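Notes follow once the structure below has been shown.
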There are 2 protein chains.
Amino acid sequence: MATKRIPETTVKRLFIYLREVTELSEFNIRTVSSSELGERTNLSDAQVRKDLGYFGQFGVSGSGYNVLELKKALERIVGKDKRWKVALVGVGHLGEALLSYSGFTEQGLDIVSAFDVSEDLVGASVKGVKVESFAKLREAVKENGIPMAIIAVPAGEAQKAADVLVDSGIKCILNFAPVNLDVPGKIKVNNVDLSRELEILAYFLASGNGGWR
Amino acid sequence: MATKRIPETTVKRLFIYLREVTELSEFNIRTVSSSELGERTNLSDAQVRKDLGYFGQFGVSGSGYNVLELKKALERIVGKDKRWKVALVGVGHLGEALLSYSGFTEQGLDIVSAFDVSEDLVGASVKGVKVESFAKLREAVKENGIPMAIIAVPAGEAQKAADVLVDSGIKCILNFAPVNLDVPGKIKVNNVDLSRELEILAYFLASGNGGWR
DNA sequence: TTCAGTTCGTTACTTTTTTCACAAAGTTCG
DNA sequence: CGAACTTTGTGAAAAAAGTAACGAACTGAA
């Protein structure tokens, strides 16, 4: 493997593989081949082998991958042996849904504090997390060394939220607001635009819908 | 332009451009150059021109693109001149957040009916949309010719939901459940895995976090 | 009108990502 | 053990995506 650059597309797929081997392990399935894994994930066998190949040799010729071993290896690779603190900015409907979502905790991600501008919300406790005033965001992130944040505020407020987060020393941001955040290059931003995902589907419907995949 | 295949990456960016020109038009800005548009979206000017080039010639040498014209052209291209009916399957926290989200309506996407297995929810009205029994999903989608659906049910129920949707003649699915849905190839699926988006950020933190972008 | 300065549209080039293909390694079964 | 399979890991080939470069078109000022 040496020190080769890992494509981001590969990184994304690692989580898909991990999800799959986790499920296989729950069914006590011992081994899985690259083609089986590919079928289950709609990817080619070659893609699976190449992706895993970036990180070492996990397979056995003739029989495939040991499910438990691969699971452990992937967990180590993606950093699932650690837990991460996350700050949530914006406790509207989406923010609340994110707080309620068990998926984060299961994956080692703990939303440790939530912030909102609404005085009605501040002080309330949503799913065991106390909502604090937006004014305290900067200090809280700084003091607790929280490395990542979720922005779930309206589009108009998102840049302001990002500015405060950047100032507080945040490292990465998951942004749900439909705007392009302007942040320093060293900060990694991941954008999720809920309506755009549906709009893309509408585009395919509109454009004669024929032949994808 | 002729009949050239449009890369999906380009399609995704069209929505980013559209968002930007919409904002520019609200500020009564008349023209925008590919480099300005690129700066605002963190893309290269060449990228902008190339993407738009797939669909025709919208620019004027020496001055750039007419904002209003480009906006209209993009709206037509992405099908925003139409409205789309959407079915929502699963009215948990996330489903509720999606129903409350104004972004969909603004973008021409109308969640016209919602379905859930919980008897407590059925009959209730969430944001003006009546929650119906999951048992009625098939018929409702069929009768109303609803072309797309959102799956916002727990992972364990997602495949079942997808099966019913496929059977009812759905064309596209936006899937929030962290599973790979097994559906016929003619059905377009878009997956959004909320926790994975955060996990990817955690991966970058874990992996020495140096040098992206 | 002319000229210097912009900016597009497009083709050629570069880089990245995916797929192919096959030797080497491991398995299974008689 | 040996023969017939299976399956990996990995370079080489192909495809896709992104960048660079440049002629042509347009603008605006002198």
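Sequence lines set the chain letters: A, B, ... in the order given, protein chains first and strands last, and positions in each chain run from 1. All values derive from a computational prediction rather than experimental measurement.
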Specify the separation, in whole Å, of atom CD of A/Glu36 and atom P of D/dT6.
-> 13 Å
Would you say A/Lys136 has more than 12 foreign heavy atoms packed within less than 6.0 Å of its NZ?
-> no
A/Asp51 and A/Thr10 side chains, donor-acceptor separation under 3.5 Å | yes
Might you confirm whether atom NZ of A/Lys160 has over 12 heavy atoms from other residues, nucleotides or ligands at distances under 6.0 Å?
-> no
What is the distance from CG of B/Leu14 to C1' of D/dA17, rounded to the nearest Å?
-> 15 Å
Length of the line joining B/Glu69:CD and C/dC8:P, which is rounded to integer Å = 14 Å
Each nucleotide of nucleotides 15-28 of chain C classed B (base within 4.0 Å of a protein heavy atom), S (only sugar-phosphate) or -, in 5' to 3' order, makes --SSBBB---BSS-
So, are A/Lys71 and A/Glu75 salt-bridged, with charged N and O less than 4.0 Å apart?
-> yes
So, is B/Gln57 close to the C/dT10 phosphate, meaning a side-chain N or O under 4.0 Å from OP1 or OP2?
-> yes
Can a side chain N or O of A/Tyr65 be found less than 4.0 Å away from OP1 or OP2 on D/dT6?
-> no
Kindly compute the distance separating CG (A/Asn190) from CD1 (A/Ile151), expressed to the nearest 0.5 Å.
-> 12.0 Å
Could you state the atom-to-atom distance from CZ of B/Phe55 to P of C/dT10 in whole Å?
-> 14 Å
Could you give the CG-to-C1' distance, from B/Leu70 to C/dG9, as a whole number of Å?
-> 14 Å
Rounded to the nearest Å, what distance is computed from the CG atom of residue A/Asp45 to the P atom of nucleotide D/dG9?
-> 12 Å
Name the nucleic acid region contacted by A/Ser35, choosing base, sugar-phosphate or nothing; use a 4.0 angstrom heavy-atom cut-off, strictly under.
-> nothing
Does a side-chain N-to-carboxylate-O contact under 4.0 Å join A/Glu23 and A/Arg19?
-> no
Specify the separation, in whole Å, of atom CZ of A/Phe58 and atom C1' of D/dG9.
-> 12 Å
